[in-house]
There are 2 protein chains.
Amino acid sequence: MQKTVVEIEKASHVLKLLGDKTRLTIMAILKQRECCVCELLEVFDMSQPAISQHLRKLKDAGLVKEDKRGQWIYYSLNSQNELYDFIQDILQHIPDQTENIRKIEETNPTLRCGC
Amino acid sequence: MQKTVVEIEKASHVLKLLGDKTRLTIMAILKQRECCVCELLEVFDMSQPAISQHLRKLKDAGLVKEDKRGQWIYYSLNSQNELYDFIQDILQHIPDQTENIRKIEETNPTLRCGC
DNA sequence: TAAGTATATAACTACATACTTATATAAAAC
DNA sequence: GTTTTATATAAGTATGTAGTTATATACTTA
């Protein structure tokens with residue numbers, strides 16, 4: 001398969017974004033499941049604005065996209081990004097995030113009613 | 001082919017190192033050709049200590065190895081690193097560095113005699 | 001052995017960045 | 001319409017980082 005060649009400026013920018021443990025984990029989770037901020041909050045020991053700011057950076061770089069549905073904003077990987085296969089080649093080496101997703105689904109923050 | 005799964009801590013550390021334009025370019029050059037500091041100096045508009053400090057970080061992370069030969073220390077990619085195939089998967093997307101290598105060979109800093 | 005060359009280290013500085021708390025915005029539920 | 005919930009933005013802070021200059025170390029050559 002032909003690999004996209006990425007400008008060195010763009011590549012280093014993406015790598016810098018993924019070079020943060022929190023953002024890299026967010027990307028690995030979003031690869032498996034779209035999430036809203038309140039769900040990601042269950043995974044990280046960190047304030048809500050901190051998560052929002054990380055997502056902002058990922059969105060500004062086009063790595064994630066958002067989908068506003070009612071009260072929530074769902075984030076997911078942006079497969080339309082020109083660097084998508086570059087990013088996938090990186091993420092394929094990152095450990096499975098099922099355990100973190102379990103944390104989300106255990107609390108299920110988008111289902112407060114408990115029904 | 002089986003892809004190495006890399007601990008998130010180690011992966012983010014490597015990605016942070018590659019998230020600097022200078023270091024990413026150094027890695028891409030070293031993929032094509034071993035180099036000493038004085039050769040890399042021809043490529044970057046930056047002081048010798050700056051290059052040395054970047055190489056130090058790459059060496060500390062095990063991404064490059066050094067080979068002292070007389071007056072020079074030749075740096076090259078460390079293929080023994082446990083993350084080598086992760087790094088290769090990244091570097092395959094980085095543009096060819098032949099133009100930068102031409103700059104090195106034009107000046108040929110390791111051949112001052114001119115013979 | 002003295003001078004030149006290659007590289008590393010130390011100390012410093014300016015800027016970037018990852019958080020924090022406080023507050024604003026917007027939708028949903030009562 | 002007031003309260004609650006989800007999210008974003010603003011402002012401030014502490015730390016990290018990439019560069020600089022000055023200097024040390026080590027090898028080479030005259």
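Each chain gets a letter, A, B and so on, in the order the sequences are listed, and its residues count up from 1. Bear in mind the structure is a predicted one, so any value in this text is a computation, not a measurement. Just so it is clear, the values below take in all heavy atoms, side chains as well, and ignore hydrogens, waters and symmetry mates.
- For the pair A:Ile51 CD1 and D:dT9 C1', the computed distance is 16 Å after rounding to whole Å.
- If you take CG of A:Leu55 and P of D:dT9, they are 11 Å apart, rounded to a whole angstrom.
- Proximity of B:Leu83 to B:Leu63: side-chain heavy atoms (C-beta onward) are nowhere separated by under 4.5 Å.
- Under 4.0 angstrom from either OP1 or OP2 of C:dA6 there lies no side-chain N or O belonging to B:Arg69.
- Proximity of a side-chain donor or acceptor of B:His93 to a complementary backbone N or O of A:Thr4 within less than 3.5 Å is detected.
- With C:dA6, D:dA18, D:dT9 as the candidates, the nucleotide lying closest to the side chain of B:Cys38 is C:dA6.
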**Summary of protein contacts for nucleotides 19-26 of chain D, nucleotide by nucleotide, where a base hit scores B, a sugar-phosphate-only hit scores S (4.0 Å, heavy atoms)** = BBBB----
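- A:Thr98 pairs by the side-chain contact (heavy atoms from CB on, under 4.5 Å) definition with A:Gln32, A:Asp96, not counting sequence neighbours.
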**Request:** Just do the side-chain contact (heavy atoms from CB on, under 4.5 Å) check on A:Thr107 and A:Glu39 with the steps written out, would you?
**Result:** CA-CA 9 Å; A:Thr107 322; A:Glu39 288 175 329; over 6 Å; no
Hey, can you pull the donor-acceptor pairs under 3.5 Å for the side chains in residues 12-19 of chain A, sequence neighbours left out?
unit_1	atom_1	unit_2	atom_2	d
A:Ser12	OG	A:Ile8	O	3.0
A:Ser12	OG	A:Glu9	O	3.1

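- Proximity of a side-chain donor or acceptor of B:Asn78 to a complementary backbone N or O of B:Gly62 within less than 3.5 Å is detected.
- With a 4.5 Å cut-off on side-chain heavy atoms, A:Tyr75 and A:Cys35 do not count as touching.
- The stretch residues 56-66 of chain B comes close to DNA chain D through B:Lys57, each having a heavy atom under 4.0 Å from the strand.
- DNA chain C is contacted by both B:Gln71 and A:Gln71; B:Gln71 maps to the nucleotide lying nearer its 5′ end (nearest heavy atom per residue).
- Taking atom CD1 of B:Ile73 as the reference point, atom C1' of C:dT5 lies 13 Å away to the nearest angstrom.
- Checked against side-chain contact (heavy atoms from CB on, under 4.5 Å), A:Asp20 has the following partners two or more places apart in sequence or in another chain: A:Thr22, A:Arg23, A:His54.
- Here B:Tyr75 reaches the OP1 or OP2 of C:dA8: one of its side-chain N or O atoms lies under 4.0 Å away.
- Every residue two or more places apart in sequence or in another chain that forms a side-chain contact (heavy atoms from CB on, under 4.5 Å) with B:Asn100 is listed here: B:Thr25, B:Ile29, B:Val43, B:Gln97, B:Lys103.
- Pairing for C:dC30 is with D:dG1, a Watson-Crick or G-U wobble pair whose two hydrogen-bonding atom distances lie under 3.5 Å.
- Counting any heavy atom pair closer than 4.0 Å across all strands shown, A:Lys16 reaches sugar-phosphate atoms only and no base atom.
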